[in-house]
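Okay, so here's the structure we're looking at.
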Amino acid sequence: MNRIKLSVILLTFFTSLSASSQQVTPISKDSVVQKVEENNRKLKISEQEFLQAQADYRQTNAVFLPNISVSHTAMTTNNPLMAFGSKLNQERISQSDFNPALLNDPDRINNFATKIEVEQPIVNLDGIFQRKAADSKMEATRLNGERTGDYMKLEVEKAYMELQLAYKAVNVLEKAREAALSNQKMASDRYKQGYLQKADILSVEVRVSEINNRLHYAKSNLENASDYLEFLMGQSQEGILKPTDSLQINSLVETENAGISEERSDIKAMELATEARKDMYKADKMSFLPRLNAFGSYELYDEDIFQGDASGYIAGVSLSWDLFQGSKRIGKTQKSRAEYEQAKLEYEQYVSKSTMELNKARRALKDAENKLTLSELAMQQSEESLRIRTNRFEEGLEKTSDLLSAEAKYLEKELEYYQTIYEYNYAKAYLEFLTKK
C-alpha cells in the first residue's frame, strides 16, 4: 500500500472517529428562538440597561416628593452660649439662671435633641426638564432593547441557516467521497487490466485525498456553527446541534414597497434620545431661574437620652437664586446645546443610513434571486455532464482527467447552489429586519 492510500485511510478514520465521539442533539428553529429569548446574555444586558434607565427616572421623583430626615444628637458642654441655649430649648430656664456668675461660668449640661426635618420642592423648573429627559431616555432604552431582540432573531436565523448549510456541505462532500472511492476502485480495476497508466491512478487518489481534506474542514465548520448557536442560546458548548429541518428556500414576507418606518424601534429610540438632549438643554437654561422650596422641622429636647419633654418647630419658604457661578452654568448650557445639535444630526444620519441599507438590501435580494436561478441551472448541467462522463469512463471512452474535472465541477456547483440558497434566505430575512415597524 503506497503512502497516498495510507494517508487517505488515516484521514478518513480520524474524521469519522472525531464525528462519532460527540453527541448529536436535534433542535428546531423555534426551540432555538425560545432559548435565546430566555437565556441570551445580550438580551439580559439590554434588560439591565433598561432597569438602570428606569432607576434614573425614578430618582427624578425628588422634583415633586419631599426629603425627610430624622436625627438624634447627644451633646455635653459648659460653653456659656451653648449651655444657656440648651437649657432654653429644654424649657428649664429659671430666674437663677440669669445670675451673671452662672451665665459666664455655667455648669456642664447635657442635651439630647431629636429632630425631624422636611424639605418640599415647590418650583424647580430645571428639575422638571431633567425628569422629562430621563423619561425619554428610559423609553429610548426600552425601544433599543426591542430592537436588540429583533436583531437577535435575525442572528438566530442566520446562525441556524449556517448550521443547515454546514450539514449540507458535509452531506455533499460525503456523497462526493463515495463517488470518488467508487471511481478509485473502478480505476484500480482498469489499471490492473492494463487500460490505465500509473499517473491516472495517482490522480484519482489525489482527488480522494482532496475530498477527505475538504470533508474534514467542513465538519470543523459544522462544529463552529453549532458552538455559535449554543453561545446565542446561552448554554455551554457540549456535543453538536443538528437542525430538525433542512436548508430550503424560505417564503418572503411582502416588503417590496415597504420603506424605512420612523416608528421602527431603533429609529424611534434615536428620536427620543434627541428629545432627551433637548430637554437637558432646556434644563440647563432653566438653572438660571430661582428655585422655590418649603422647609420645616420638629425638634424634641431633653437632658436625658431618648426623652422629649420640650419641643419646638420651624416652618418656612425659601426662594434661592444663584446669580453667578463663575460662568460654569454658561459653559454647561453651551455644551448641552451642542450635544442637542449633535443628536439631531446623528438622528438624520441614522435614518439616511438605514434608507441606504434598505436600497442595498433590495439589490442584494435581486442579485441573490438571479444567482439562485443560474446556480441551480449550472448544478443540473454539471450533474448531467458528470453522469455522461462517468458512463463513458466505465466503457473506456473517457479520459481519467476529464472525469475528475467533471466530478470536481459538479461538487463545486452543488456547494455553490446551497450557498446561494443561504444568501437568498438571509437577504430576505435582512430585508424584513430593515422594514419592520
Side-chain angles (χ1 to χ4, degrees), residues 42-43 45-60 63 124-155 158 255-289 322 325-365 426-427 429-437:
K42 191 175 184 66
L43 293 178
I45 289 173
S46 67
E47 290 176 2
Q48 295 305 314
E49 289 173 346
F50 170 73
L51 293 177
Q52 292 175 37
Q54 187 181 58
D56 288 339
Y57 174 69
R58 287 177 176 171
Q59 290 182 49
T60 63
V63 176
N124 291 323
L125 296 178
D126 56 337
I128 293 175
F129 282 102
Q130 288 173 357
R131 179 178 173 83
K132 290 179 64 178
D135 186 25
S136 296
K137 179 183 176 183
M138 179 181 68
E139 182 64 13
T141 305
R142 184 187 68 80
L143 291 171
N144 278 328
E146 284 186 9
R147 192 58 177 173
T148 300
D150 294 338
Y151 172 76
M152 292 311 303
K153 289 178 181 178
L154 176 66
E155 194 67 11
K158 179 183 177 183
T255 57
E256 182 176 356
N257 298 320
I260 298 296
S261 173
E262 292 184 357
E263 296 301 315
R264 202 177 75 183
S265 55
D266 57 331
I267 294 178
K268 190 67 176 177
M270 288 286 291
E271 182 182 356
L272 287 171
T274 303
E275 286 295 318
R277 290 294 186 184
K278 181 179 179 180
D279 288 330
M280 286 303 298
Y281 171 49
K282 290 182 178 179
D284 289 337
K285 289 197 297 183
M286 293 298 173
S287 66
F288 288 91
L289 300 178
D322 291 333
Q325 292 184 346
S327 79
K328 177 181 177 181
R329 284 183 303 177
I330 296 174
K332 186 177 180 182
T333 303
Q334 290 174 342
K335 179 182 178 181
S336 62
R337 180 178 180 178
E339 289 174 342
Y340 169 51
E341 295 297 333
Q342 177 184 338
K344 287 196 298 182
L345 292 172
E346 288 175 346
Y347 172 75
E348 294 171 359
Q349 177 181 261
Y350 192 79
V351 173
S352 177
K353 184 178 179 182
S354 297
T355 303
M356 179 191 69
E357 289 179 349
L358 176 61
N359 294 332
K360 182 179 178 181
R362 284 191 175 129
R363 287 190 289 269
L365 181 58
Y426 179 72
Y430 186 58
L431 187 60
E432 292 174 13
F433 170 74
L434 292 176
T435 55
K436 182 172 180 172
K437 296 182 179 179

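When reading the values below, keep in mind they use all heavy atoms of this one structure, side chains included, and skip hydrogens, waters and symmetry mates.
The two atoms that bring Met138 and Gln54 nearest to each other are SD-CA, 3.6 Å, heavy atoms only. Annotation for Val63 and Gly127: closest pair CG2-O, 3.4 Å, computed over non-hydrogen atoms. Taking every heavy atom of both residues into account, Ala53 and Thr141 meet most closely at CB-OG1, 3.7 Å. Nearest heavy atom pair, residue Ala273 against residue Ala140, reads N-CB, 4.2 Å.
When side chains are defined from C-beta on, Met280 does not count as touching Tyr340, because their heavy atoms never get closer than 4.5 Å. In this structure the side chain of Lys137 never reaches within 4.5 angstrom of the side chain of Leu272, judged on heavy atoms. In this structure, the side chains of Asp126 and Phe288 stay at 4.5 Å or more apart for every pair of heavy atoms. Between Tyr347 and Ile267 there is a side-chain heavy-atom pair separated by less than 4.5 Å. Under the 4.5 Å side-chain criterion, counting only non-hydrogen atoms from C-beta, Thr435 is in contact with Leu358.
Residue pairs meeting the salt bridge (charged side-chain N to carboxylate O under 4.0 Å, His left out) criterion with at least one partner in residues 270-279, sequence neighbours excluded, are Lys268-Glu271, Arg277-Glu339.
Atom CD of Glu262 has 12 or fewer heavy atoms from other residues, nucleotides or ligands within 6.0 Å. Within a 6.0 Å sphere centred on CD of Gln349, heavy atoms belonging to other residues, nucleotides or ligands number 12 at most.
Interatomic distance, CZ of Phe50 versus CG of Leu143, reported as 9.5 Å (0.5 Å rounding). Note that the OG atom of Ser261 and the CG atom of Leu434 stand 12.5 Å from one another [nearest 0.5 Å]. To the nearest 0.5 angstrom, Arg337 atom CZ is 13.0 Å from Asp284 atom CG. To the nearest 0.5 angstrom, Tyr430 atom OH is 13.0 Å from Leu365 atom CG. Rounding to the nearest 0.5 angstrom, the gap separating the OH atom in Tyr281 from the CD atom in Gln334 is 9.5 Å. In this structure, CD in Glu49 is found 10.0 Å from CG in Leu51, a value given to the nearest 0.5 Å.
Salt-bridge annotation for Glu357 and Lys360: absent, with no side-chain N of the basic residue lying under 4.0 Å from a carboxylate O of the acidic one. A salt bridge links Asp150 with Lys436: at least one charged nitrogen is closer than 4.0 Å to a carboxylate oxygen.
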>> The test is side-chain hydrogen bond (donor to acceptor under 3.5 Å, both in side chains); show your working for Arg147 and Ser46 and say whether it passes.
In response: CA-CA 10 Å; Arg147 192 58 177 173; Ser46 67; over 6 Å; no

>> Working note: Lys344 + Glu348, criterion salt bridge (Lys or Arg N to Asp or Glu O under 4.0 Å); need CA distance, chi angles, decisive distance, verdict.
In response: CA-CA 6 Å; Lys344 287 196 298 182; Glu348 294 171 359; over 6 Å; no

> Going through the checks in order, is the side-chain hydrogen bond (donor to acceptor under 3.5 Å, both in side chains) test met by Gln52 and Gln48?
Replying inline: CA-CA 6 Å; Gln52 292 175 37; Gln48 295 305 314; 5.9 Å; no

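For the 3.5 Å distance criterion, the side chains of Ser265 and Arg142 fail to qualify, holding no donor opposite an acceptor. If you check the side chains of Asp266 and Tyr151, you find no donor sitting under 3.5 Å from an acceptor.
The cationic atom of Lys282 (NZ for Lys, CZ for Arg) does not lie both less than 6.0 Å from the six-membered ring centre of Phe129 and within 45° of the ring axis.
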